[in-house]
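I have placed the structure first, in the form of structure tokens, so that the comments after it can refer back to it.
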Amino acid sequence: MIFSLPVVCGFLGVMSFGCWPTLIFLFSGSTIMLSFMSSSLEGALLSWWGHLDQMVVMMMLLSIFVGYGALVCTPNVDYLLSMSILVSTISSVLFFMVSGLILFFIFFEAGLIPLAVMILGWGHQPERLQACVSFALYTVVGSLPMFVIVVWVFNLCKTDSMALISMGGELLEGKFSGNSVFWLMLMLCFFVKLPVFGVHGWLPKAHVEAPVAGSMILAGVLLKFGGYGLMRVMTCLMWDNSIMLGEAMMAISLWGAVCSALICTVQSDLKSLIAYSSVSHMGLVMVGVFSCSSFGWSMALLMMVAHGVSSPILFALANYTFELFHSRSLMVCKGLLSLFPFVSMLWFLGCALSMGLPPGSTFLSEIFLISAGLSFSWMLVFPMCLLCFTAGAYSFYLYGTICHGGSGSFSFSSNIPLSGVAASTLLVSEYFLMCSGFMLDLFYIG
């Protein structure tokens with residue numbers, strides 16, 4: 001693929017020279033090449049098992065960059081951990097590329113295996129076993145109904161190709177149109193992975209117990225499996241917008257996102273706060289997905305990419321703060337501005353872009369997703385406005401607690417393991433978040 005050449009060259013250049021201009025070339029070159037090819041990426045089948053379109057390309061670029069960021073932002077990375085990161089990145093790219101329902105389900109579940117290995121092998125606390133068991137139970141139980149439905153659709157249509165199933169709609173006509181129970185069982189695994197509030201209990205535990213690489217990949221890529229999978233399944237099996245499930249999921253997701261944002265404002269654990277913020281961001285993605293419009297889906301894709309870049313930044317900075325203070329408690333991590341101004345600047349940019357600082361991509365996606373929600377129902381205006389306010393509240397709380405105030409009299413590390421490549425990666429990621437709002441044509445889904 002021609003548009004992936006700047007990405008590969010950028011990765012090789014940074015690994016060889018460790019300089020920030022190569023990272024700028026990585027993003028600028030790949031986005032320029034993608035903009036030239038955007039007109040021809042309406043939907044191209046690579047073979048009987050793979051396909052490419054605008055959404056697939058953006059998710060693939062996100063997976064590659066988050067995998068690279070997890071590698072360079074992990075201090076003292078060993079061979080086994082680097083191989084786990086590589087396997088997770090490859091399985092994520094293959095998940096986004098496949099066009100068959102059976103391979104779609106296989107790679108959907110295979111992406112969880114490297115993360116479970118990271119939690120069990122490189123987790124810091126004894127509770128990592130409980131977190132891994134909770135993570136496995138939620139995802140496996142949620143995926144079993146989808147597996148049964150995938151096998152049933154394959155037996156009915158005699159093919160698992162999403163393109164052929166969507167073209168042969170007469171085979172599925174009347175089978176499950178208007179059946180809310182069928183769609184709920186089919187989408188349950190995506191709701192768990194997204195996650196929707198109520199089935200999110202595994203997420204904070206997995207984030208807290210996972211190493212920094214696992215948290216970055218989980219927040220940046222694996223949570224996007226839910227939104228991407230919803231859009232693919234709704235397109236393939238012809239979602240009926242007349243049923244009440246879409247409206248119910250919009251309401252549950254938005255009010256759950258508000259509850260998650262309120263939980264963030266009283267959190268004392270740094271990683272747990274960032275984990276709950278992911279639940280609040282994904283609530284707006286559900287609004288765009290169930291609006292069933294190309295505008296809503298495009299802005300949901302923009303929000304997923306923006307969150308997939310901003311959340312790993314915060315987890316990487318949380319790990320550096322933990323290495324400095326040897327604690328994740330917000331009562332201990334204070335006064336970073338007087339100790340390391342550069343890291344404090346990264347925290348400010350990360351929190352500001354995560355909460356929706358204009359003209360960042362998060363700000364534009366929130367504004368347009370609110371517009372998509374209001375075009376669907378005016379009853380959504382209050383929870384969406386309340387969600388934006390609480391998102392700003394916990395972002396201010398996070399930055400103000402960590403960076404301001406006086407550092408304690410306890411001993412802390414005199415240096416922070418922030419390498420030049422990792423700092424360059426974080427800076428260019430924040431630069432991309434600020435500039436991607438001017439490249440909305442890359443996220444348009446026709």
- Message: Could you check whether any side-chain N or O of Ser424 sits under 3.5 Å from a backbone N or O of Gly420, counting only pairs where one atom can act as donor and the other as acceptor?
- Response: yes

- Query: Given Leu86 and Met83, is the side chain to side chain contact (heavy atoms under 4.5 Å, CB included) satisfied, shown in steps?
  - Reply: CA-CA 5 Å; Leu86 179 62; Met83 289 304 298; 4.3 Å; yes

- Query: Taking the side chain from Ser82 and the backbone from Tyr79, do they hold a donor-acceptor pair closer than 3.5 Å?
  - Reply: yes

- Under 3.5 Å: donor-acceptor pair, side chain of Ser91, backbone of Ser88: yes

- Query: Does a sphere of radius 6.0 Å around CZ in Phe147 hold more than 12 heavy atoms from other residues, nucleotides or ligands, not counting ones at 6.0 Å or beyond?
  - Reply: no

- Please determine, by modelled atom types, if Tyr394 and Ser280 share a side-chain donor-acceptor pair under 3.5 angstrom. yes

- Query: Quick one: does Glu127's side chain get under 4.5 Å of Lys205's, heavy atoms only?
  - Reply: no

- Item | Between Trp239 and Phe290, ring centroids under 6.0 Å | yes

- Nearest atoms (heavy-atom pairs only) where Met286 meets Leu230: SD-CD1, 3.8 Å

- Query: Can you tell me how far the CD atom of Glu366 sits from the CG atom of Leu364, to the nearest 0.5 Å?
  - Reply: 10.0 Å

- Is the gap between the ring centers of Phe432 and Phe65 under 6.0 Å? no

- Task: Using the side chain to side chain contact (heavy atoms under 4.5 Å, CB included) rule, take His200 and Phe191 through it: C-alpha gap first, then chi angles, then the decisive distance, then the call.
- Result: CA-CA 9 Å; His200 71 290; Phe191 295 157; over 6 Å; no

- Aromatic ring proximity Phe135/Trp202, centre distance under 6.0 Å: yes

- Sequence neighbours excluded, the answer for side-chain contact (heavy atoms from CB on, under 4.5 Å) partners of Glu109 is Phe105, Leu112, Ser143

- Item | Shortest non-hydrogen contact between Val279 and Ala257, atoms and distance | O-CB, 4.2 Å

- Under a 4.5 Å cut-off applied to non-hydrogen side-chain atoms, are His51 and Met97 in contact? no

- Query: Does the side chain of Val289 come within less than 4.5 Å of Met249's, by heavy atoms?
  - Reply: no

- Would you mind telling me which of Val72, Leu71, Val212 makes a side-chain contact (heavy atoms from CB on, under 4.5 Å) with Val77? Leu71

- Message: Is it the case that over 12 heavy atoms from other parts of the model lie below 6.0 angstrom from the CE atom of Met434?
- Response: yes

- Query: Taking side chain as C-beta onward, heavy atoms only, is Val153 less than 4.5 Å from Asp160?
  - Reply: no

- Query: Could you state the interatomic distance from CG (Leu440) to OG (Ser361), rounded to the nearest 0.5 Å?
  - Reply: 9.0 Å

- Message: Check this for me: Tyr397, atom OH, are more than 12 non-hydrogen atoms of other residues, nucleotides or ligands nearer than 6.0 Å?
- Response: yes

- Message: Less than 4.5 Å apart, side chain to side chain, heavy atoms only: is that true for Met304 and Met231?
- Response: yes

- Query: Can you tell me how far CG of Leu273 sits from CG of Leu330, rounded to the nearest 0.5 angstrom?
  - Reply: 6.5 Å

- Query: Given the rule in the side chain to side chain contact (heavy atoms under 4.5 Å, CB included) test, do Arg232 and Met55 qualify, once you have shown the distances and angles that lead to the verdict?
  - Reply: CA-CA 10 Å; Arg232 283 295 175 208; Met55 184 164 51; 3.7 Å; yes

- Identify the heavy atoms of Met303 and Thr362 that sit nearest to each other, and give their distance. CE-O, 4.4 Å

- Item | With Phe225 via ring pair (Phe, Tyr, Trp, His ring centres under 6.0 Å) - residues at least two apart | Phe95, Phe96

- Item | Between CG on residue Leu270 and CZ on residue Phe325, distance to nearest 0.5 Å | 10.5 Å

- Message: I'd like to check Ser354 versus His281 (side-chain heavy atoms, cut-off strictly below 4.5 Å). Are they in contact?
- Response: yes

- Closest non-hydrogen contact found for Leu245 with Met187 is CD2-SD, 4.5 Å

- Task: Any chance you could measure Leu194, atom CG, to Tyr228, atom OH, to the nearest 0.5 Å?
- Result: 15.0 Å

- Starting at NE2 of His404, measure out to CG of Leu336 and round the result to the nearest 0.5 Å. 10.0 Å

- Query: Any side-chain heavy atom of Ile313 within less than 4.5 Å of one from Leu346?
  - Reply: no

- Query: Between Lys271 and Phe315, is NZ or CZ placed under 6.0 angstrom from the six-membered ring centre and within 45° of the ring axis?
  - Reply: no

- Here the pair of heavy atoms bringing Leu62 nearest to Gly220 is CD2-O, 3.4 Å

- Message: Would you say Ser278 and His307 are linked by a side-chain donor-acceptor pair, where the criterion is simply a distance under 3.5 Å?
- Response: yes

- Task: Start with the C-alpha gap between Met250 and Ser291, add the side-chain angles, then the distance that decides, and say whether side chain to side chain contact (heavy atoms under 4.5 Å, CB included) holds.
- Result: CA-CA 9 Å; Met250 276 190 184; Ser291 66; 4.2 Å; yes

- Which pair of heavy atoms, one from Val66 and one from Gly308, lies closest together, and at what distance? CG2-O, 3.4 Å

- Item | Side chains of Ile274 and His207 in contact at under 4.5 Å (non-hydrogen atoms) | no

